[in-house]
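Inspection log for the structure reproduced underneath, given as structure tokens.
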Amino acid sequence: MSSDTALSLVQKKLDSNEKCVFCLRGKMLLGNSEGKLDRYICLIERKGDHAIFLYSSTRVPCMIADDLSLEVVFPVDTNLQYTTDGPKKGQSLKCLLGLRTKDKNIHIELNSDGSSQKFFLELKRTASMYSVTSSMGLPSSFSWLEKYHTLIKGSSPPPPEKDNPFANDVFDPLRYMNVDPAPPEAVPAKKIEAPSFNADRDSGSSEEATTSGETTPYSFENNFTDSILVDDMPTNLRKTLSKDSLDNLDESDMTDSLSRITNQLGIGGSGVEFVEGIKPATGRENIVRHLMNQREDEFTHKETLKVFCGTWNVNGQSPLPGSSLRKWLDVDHECPDIFAIGFQELDLSNQAYIFSDSAKEKEWLTAVRKSLPSKSLYKKVKLIRLVGVMMIVYIKEKYAHKVHFVDSDYVATGIMGIMGNKGGVGVRFTIQGTSICFINSHLAAHQDEFERRNQDYRDINSKMRFKQFVPPLQTREHDVLFWIGDLNYRINDLEINKVKALIEKQQFRDLRSYDQLHRQLGRTDVFEGYQEGDLDFQPTYKYDTGTDNWDTSEKSRAPAWCDRVLYKGPDIRLKAYRSHQSLKVSDHKPVSALFDVDIKIIDEEKSKRVYEDIMKQLDRLENEFLPQVKLSKTDFVFQDLKFMETEIQSLIVENTGQVPVTFEFIKKLDETSHCRSWMEVTPTQSVVVPGEGCEIQLKALVDENSVGKLSSGEDKVEDILVLHLHGGKDFFITVGGSYIPSSFGSSIQALIQMHGPIREVPVAQLIEIEQPGSLEKRDLTASGGRLYAIPKEIWRLVDHIWKVGKMEPGLFERSGLQTDVCKIRDCLDTGVPDTIPGSIHSIAATLLLFLKCLPESVIPCSVYHRCVECSRNYMLCKQVIAQIPECHRNVFRYLCAFLRELLSHTSHNNLDVKLLATTFGKIFLRPPPPPVTSRRLRSGREDSPVGQGEEDMKRADFVYHFLTNEYDE
């Protein structure tokens, strides 16, 4: 019997508004190799909901609908985990589908054919859609499945619900509007039971053991046993009304592992990709959420919490034995409800950049825990560390059950974003109806580097993403934000003696007018929208360690307010802003601020009534009107794009209809993203109410990730964006333009064939020499040409660094200024001027950027795994290098010789061979890109997956050999 016949028989057993999308015949595996049973597995759809039905049959194949008996029902929601395994080599062409919930676990064997693959793809698509829609609105109740549970042998019918006109709706307000406490009929989610601690415990008592979370070489997160997870709530309500909703963390594994995140997203561990180009589900959930937000004043009231934010650059020191931090953390008459405590320069050792563990983390964590106010009990929400930048968030135990959806992220702003010596960490969570985000950062140092500090802020603010949300949540999408840390802004245009004189007279208001950050707040895009209290305390930097004396070292740095606390959002009132001069272990003084923050409390009964009213309005409007929008333009041209220069254009979507419209940019068929890698669209989806519009930014930026394909001609500045209206039609937006070729992104084989600057080479010739094998095909005798041993651009950068900066401390440890990088790019691409512009640190950073942009890394990825495997044996490493193409080998030898010469001047430049090996190991050795068919959804950063730390060490080991030994062939 064909699958179409079986599908039609299943359809007869369903209600008229339910549809059997797929029906496949397979075999259910019995435990302990007891055999297999014939079953029909079906995917059923109802108003955007999906469920898997498993039928047995009195005869196989089934002939009539009465042959089929429903055996198992799986709602496709966040509780469903599934796996798919393809046929093994040498075995029959069978694939295996595993389905698992808390109380069911079955495996179905299916034929490995096109029908099975389509079923897997559709299952994954529906699972991902449920994750997206439930995160943005109300999760489905799946009430329509209850009648089927009564048909299954051994199941009892659920108790009838009284006075609930929405019992059969996909979104049942009376079941799911309750968030805290859980409704009686719902099964409460498990909650981590963790011992509370009294902050004033005896100093001799044993500390609780810590459990490391998932780590990367430069980023460390830790959820200890006293971490907050979630309140008691319905298991199927893993996402609240808040847009910031998040599935519960796995109770048994508090790391950000791939399996936990994918389980939270409701896609199990499937080995198949998302279905590309298929339109997403209805936007009704988005509209409901949007309208609920607009009317939240009708069902919320406010409650005030006290929030303490503290920051301290501890200069790599340890807490003094027997000392306490109470003079910093326990100075307020009323105990704060929330603590956000940030540290910078926690560990200054070179090992901190390479190894994940640091003894300093535990030392300061213990000191903090013992110094919290003894009159209250606290639980830890989250700890995250990026090398020396660490933040810990605590909350009073009595509010712990109200904390939901904890997430964190980090952004490294050190050289090339590789080293975490500078950067920021963030922690966010939702308490009641308010989302709060804390950011702790350490920005670029030195008096004249304020523009680099501004760039660090922009990088952290734009790149920080809380990836457990779909799509990832940005910092600006929170109700309340606090930004703390060593921001490193200094005092300008004032001699050091005058600075000290104003401090002596406590004329802080006059001194503040010279502060770099104060001059920018509210006047530029730097910390746009943030506020700061009056600086009525003396500068917190720089002191002689252990004293209250200003810096008496040879550098004699001027005092400055480096350590700051900023805040952003409504309903925040600053109560205190102060420094704590009595703590002297560092060359900085700690700073703290105390705030009153109003959080939203949801009145459940009122929210139900508002929800019901909105649903009735939507039902009426949807029956009468279709979504209609007007676009300001549908053609965009980005002319003469340059590498690392951003161009932004705007698109206005205006709702000209009578109903709210949800729009979304969707992927085209067979493509992995809704836009090209050189394009960014913000926002990618939104809700627009009638009569209003939404501005969408189209940002074109050719960076290291996209420049290679544009340089080779594999990609062009051409794209078509598909703007999809939920419940309506699609709009097609064309994007075109041109790209000015750059040596950045050109291959080594092409660069050594160019005699002049790349801007003087015809585009056709550029494409020709970028083709594989162009070196072998070129007849040098006929053309009278020659090949460079290494690209002249690399030689110019190295030669300048050697002549001007070989004695400069901190080479390859700072990021370059964007303005400098663009000037250096033009110099290399045009040959003008003769001397490379920019600071020596910008030039060193540009060298790394140039190498990172090579389409094929210095050591080709084809030998990457061999390099990693032989990284401990120098002779084997030399053998691998001897086998790579000559042009790549020449570049590798040249750069290693240059680095060895720099290391011969360590007495002046303070370079460390291990740090150089770590930095250049990531540049020289890049792993081959994974095949498209094997890619998985990743919860964390793509460039720092779990388990990468050991491989990074091996890359560093490989390069280390060539930095400590003369390399000869």
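Along the sequence shown, residues carry numbers from 1.
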Q) So Asp330 and Lys375, salt bridge (charged side-chain N to carboxylate O under 4.0 Å, His left out) or not? Walk me through it. A) CA-CA 10 Å; Asp330 190 9; Lys375 294 181 289 185; 6.0 Å; no

Q: Determine, using ring centers only, whether Tyr567 and Trp483 are less than 6.0 Å apart.
A: no

Q) So Val403 and Thr430, side-chain contact (heavy atoms from CB on, under 4.5 Å) or not? Walk me through it. A) CA-CA 6 Å; Val403 173; Thr430 300; over 6 Å; no

Q: Start with the C-alpha gap between Val368 and Leu329, add the side-chain angles, then the distance that decides, and say whether side-chain contact (heavy atoms from CB on, under 4.5 Å) holds.
A: CA-CA 8 Å; Val368 167; Leu329 304 178; 4.1 Å; yes

Donor-acceptor check, side chain of [X] to backbone of [Y], threshold 3.5 angstrom: yes or no?
X      : Y      : result
Ser441 : Gly485 : no
Arg289 : Ile287 : no
Asn440 : Val425 : no
Glu477 : Gln474 : yes
Thr434 : Ile599 : no
Asp332 : Cys335 : no
Asp486 : Asn488 : yes

With a 3.5 Å cut-off and no angle check, do the side chains of [X] and [Y] form a donor-acceptor pair?
X      : Y      : result
Thr311 : Asp563 : no
Asp479 : Ser435 : yes
Ser318 : Glu363 : yes
Ser513 : His518 : no
Ser579 : Gln581 : yes
Glu532 : Tyr577 : yes
Ser586 : Asn313 : no
Asn454 : Arg458 : no
Arg428 : Ser408 : no

Q.
For Phe343 and Trp364: C-alpha separation, side-chain torsions, deciding distance, then whether ring pair (Phe, Tyr, Trp, His ring centres under 6.0 Å) applies.
A. CA-CA 9 Å; Phe343 293 94; Trp364 284 103; 5.3 Å; yes

Aromatic rings [X] and [Y]: how do their planes relate, parallel, tilted or perpendicular, breaks at 30° and 60°?
X      : Y      : result
Phe438 : Phe429 : tilted
Trp328 : Trp312 : perpendicular
Trp561 : Phe508 : perpendicular

Between [Y] and [X], does any NZ, NE, NH1 or NH2 come within less than 4.0 Å of an OD or OE carboxylate oxygen?
X      : Y      : answer
Asp407 : Lys467 : no
Lys302 : Asp571 : yes
Arg609 : Glu612 : no
Lys306 : Asp337 : no

Q: First locate atom NZ of Lys600, then atom CD of Gln432, and finally report the distance between them rounded to the nearest 0.5 Å.
A: 11.5 Å

Q. In Å and rounded to the nearest 0.5 Å, what is the CD to OH distance from Gln516 to Tyr489?
A. 8.0 Å

Q: Identify which one of Arg509, Arg564, Arg490 satisfies the salt bridge (charged side-chain N to carboxylate O under 4.0 Å, His left out) criterion when paired with Asp515.
A: Arg564

(Q) Quick check: do Asp548 and Lys584 have side-chain heavy atoms less than 4.5 Å from each other? (A) yes

Q: Report yes if some heavy atom in the side chain of Leu305 is under 4.5 Å from a heavy atom in the side chain of Ile395; otherwise report no.
A: no

Q | Stepwise ring pair (Phe, Tyr, Trp, His ring centres under 6.0 Å) test for Phe482 and Phe595 | A | CA-CA 10 Å; Phe482 296 98; Phe595 301 91; 4.9 Å; yes

Q: Would you please test Phe466 and His478 for ring pair (Phe, Tyr, Trp, His ring centres under 6.0 Å) and show each step?
A: CA-CA 11 Å; Phe466 299 103; His478 291 83; 5.6 Å; yes

